[in-house]
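A quick write-up on the structure given underneath.
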Number of protein chains: 2
Amino acid sequence: MGRPTIDDVARAAGVTKATVSHAYSGKRPISATTKARIFAAAERLDWVPSSRARALAARRANAVGVVLSRDPAILASDAFFPAFISGVESVLAGHEIALVLQMVTGRTAEERAYRAMASGRADGVIVLDLHRVDWRVPYLRDLRLPAVLLGAYDAENPFSTVRTDDATPVRELVAHLRALGHTRIAHVSGPLDYVHSHARAAAYVESVGGDELLREGDFTAGSGRALTAELLGLPDRPTAVLYANDTMAIAGYSYARSRGLEVPADLAVAGFDDDHLSAHLSPALTSVSSDPFRRGKVAAERLLADLAGEPAESVTVDCTVLRLRASTAGPAPEAHPTPLEEELS
Amino acid sequence: MGRPTIDDVARAAGVTKATVSHAYSGKRPISATTKARIFAAAERLDWVPSSRARALAARRANAVGVVLSRDPAILASDAFFPAFISGVESVLAGHEIALVLQMVTGRTAEERAYRAMASGRADGVIVLDLHRVDWRVPYLRDLRLPAVLLGAYDAENPFSTVRTDDATPVRELVAHLRALGHTRIAHVSGPLDYVHSHARAAAYVESVGGDELLREGDFTAGSGRALTAELLGLPDRPTAVLYANDTMAIAGYSYARSRGLEVPADLAVAGFDDDHLSAHLSPALTSVSSDPFRRGKVAAERLLADLAGEPAESVTVDCTVLRLRASTAGPAPEAHPTPLEEELS
DNA sequence: GTGAAAGCGCTAACAG
DNA sequence: CTGTTAGCGCTTTCAC
């Protein structure tokens, strides 16, 4: 024995398996009475169609893939990912489509992962953490694997894209700080070869008119701390720092406080991505929420549309909201604050 | 055309598909020369075996499943999940086994998800967030779906289990606080029908000798805040609070500070799970790190062993480490501190 | 050592 | 509206 098959159901209902199949897929009109008989039989036998057989015959996995090439340590400190996946799942669930996740380190492993997806594990993939020049884009094209890219990818490509306007909140933040009297505004970015880090950094440079106070971090608390130390050691130190994520911002402001600076009185601090803890810190951290759940939703919807045969399309999700909180409240400190002595280690 | 199949490779190598299949699986001795010819042909044709066909023929998906029934909002504020998944993936990757993730809300959806897994999407599942009486255990047994349970499940069941000793760190924490002079130690737990929340709460009750200062939270910042407000409004308020996760702890200590209390001078605070931000707060938060990565690793290894036919087994991962930090440093405040006035809303 | 052939449990033409 | 017949691309007996 073992699980019942479509043949068992067909026999029990007195029809052929084709009819059973169509009763469920609806790809062919079936009379209400036979349909009822079929469903009853299926129910009675407790039949669940084999997704393996279905996948092979229909040439589709009914699954979409996500391959993640982040360092686990960074992943763990990332508010984006779980929320994004939730958003993706929120649309997949309604279509009985599964999510296949693969975490890899290194290009070879990543290529293998995408080939596995293309070999039938998934019907399409969502690509995260786009680089400004990303080998995956031509690679996926060659694999003929449908994909949705998250982030603005400028080079010619056949894929749908889900974009977010990262520049506007950065500009607003700079304007806000300027209005409070800040003139030395720094930015600790993420790795600049990521499209989103680059977009934020570019908007910052454009807003403040230079990159003198731009430092490239890597999204970890460690880099937030180290670069903050460096910035605060400058002769004409910044009075405000924008970080590319909340993890670095919090590490940064903790460092500043450990050195005797008050936030926001001596140093204004803002993050990005609005970690769930940020509103609960004291002072609460100003941040930019970017609704990863919604972006996951849109990306999944877009991928399903692609899979349904619609032409690729680039959609922009308007989802960034500036959350002004205590860490950037109040006037800027006086013009030329004393620099902190640079710390060793 | 389309992708090459095993037949193309067989033809190109001058053998039959059976031989190709065996050349890769090693389930039959193949002469070195034909093997070489086969691999060369496969390489030349750029053949990737179809995982769909393979799954159907071999009756195994080469995938393991995780179905998550958490509210997306809680998931997003959870340091556990991404790290756990990383750990799982770290072992699956080496076996060319995929991870199928499904997020659901509600029992019906969860049952559907498990049936989908059993229908061939996955060869086994890892079950998280075990309840003290959990319908999934008999359900999965009836489905005959191999599973590994994360957490101590006491009722009779056929599954492998990955346990963690949650009680010891709680006892250590209480002992530590006692040594500092605290006598009124509270605990804000997670939902008590979860096995892990219950285990922590039970250890707490046993250590302090009563449940007068035990409050049941739900892991969200909101509940951390509300229950802290309630505890601090008590006539004989606690001078130390243990929270079942860092999110609640941070929300709690932010609340306390907003009401004028100093941490740890007026109130000692400890969390659980060691969020990546906790070490970077000021004061840094005492917490219990529980190495979710490692637990994911062990759970995945255990599941693979089950799938390989080994008998089910219960393993205990010794992975909790008490991270004593500033939020519990220094002596307890005087015996009967003034209660805070209870806050409305 | 290798080949031939029979499935795995569905979907999808092609008929009627 | 429903039945018949081929596959989908592998794995796995059973032969030799």
Side-chain angles (χ1 to χ4, degrees), chain A residues 1-39 41-42 45-63 96 98 115-116 118-123 307, chain B residues 1-39 41-42 45-63 96 98 115-116 118-121 123:
Chain A
M1 43 155 300
R3 303 182 203 285
T5 73
I6 195 173
D7 260 324
D8 299 324
V9 175
R11 208 167 310 119
V15 296
T16 59
K17 27 185 213 161
T19 309
V20 175
S21 174
H22 288 127
Y24 281 92
S25 71
K27 292 193 177 175
R28 184 198 255 191
I30 303 284
S31 81
T33 58
T34 47
K35 217 181 221 171
R37 249 184 313 135
I38 290 169
F39 291 160
L45 296 177
D46 196 25
W47 174 65
V48 182
S50 153
S51 29
R52 303 203 262 254
R54 207 206 276 274
L56 181 59
R59 291 177 187 69
R60 69 200 315 268
N62 285 307
E96 309 267 271
R115 308 191 89 206
S119 82
R121 278 202 191 291
D123 302 314
L307 293 177
Chain B
M1 41 154 302
R3 303 181 203 285
T5 74
I6 194 173
D7 260 322
D8 300 324
V9 175
R11 207 167 310 122
V15 295
T16 59
K17 24 185 214 161
T19 308
V20 175
S21 175
H22 288 127
Y24 281 91
S25 71
K27 292 194 178 176
R28 180 199 255 189
I30 303 283
S31 80
T33 58
T34 47
K35 218 180 220 170
R37 246 183 315 135
I38 289 169
F39 291 160
L45 295 177
D46 194 27
W47 175 64
V48 182
S50 153
S51 27
R52 303 202 263 253
R54 209 206 276 273
L56 181 58
R59 291 178 191 69
R60 68 198 317 265
N62 285 308
E96 310 266 271
R115 308 190 90 207
S119 81
R121 279 202 189 292
D123 302 314

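Per chain, numbering begins at 1; letters A, B, ... match sequence-line order.
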[N] OP1/OP2 closer than 4.0 Å to side-chain N/O of [X]:
{"X": "B:Ser21", "N": "D:dT11", "answer": "yes"}
{"X": "A:Thr16", "N": "D:dG3", "answer": "yes"}
{"X": "B:Ser31", "N": "C:dT2", "answer": "yes"}

Side-chain touch A:Thr19/A:Arg37, heavy atoms, less than 4.5 angstrom: no
Heavy-atom side-chain contact between B:Asn62 and A:Arg121 under 4.5 Å: yes
Please check if the side chain of B:Arg52 supplies one atom and the backbone of A:Arg59 the other of a donor-acceptor pair under 3.5 Å.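 Yes, B:Arg52 side chain to A:Arg59 backbone: donor-acceptor pair under 3.5 Å.
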Rounded to whole angstrom units, what separation is found between the CZ atom of A:Arg54 and the C1' atom of D:dC8? 15 Å
Looking only at side-chain atoms of [X], point me to the closest of [options].
{"X": "B:Ala57", "options": "D:dA6, D:dG9, D:dT12", "answer": "D:dG9"}
{"X": "A:Thr19", "options": "C:dC10, D:dG3, C:dT2", "answer": "D:dG3"}
{"X": "A:Pro49", "options": "C:dG1, C:dA6, C:dC10", "answer": "C:dC10"}
{"X": "B:Trp47", "options": "D:dC10, D:dT2, C:dT2", "answer": "D:dC10"}

Between the protein and nucleotides 14-16 of chain D, list the N/O to N/O atom pairs that are separated by less than 3.5 angstrom.
unit_1: D:dC14; atom_1: N4; unit_2: B:Arg28; atom_2: NH2; d: 3.3

Contact class for [X] (heavy atom, under 4.0 Å): base, sugar-phosphate, or nothing?
{"X": "A:Ala58", "result": "sugar-phosphate"}
{"X": "A:Ile30", "result": "sugar-phosphate"}
{"X": "A:Thr34", "result": "sugar-phosphate"}

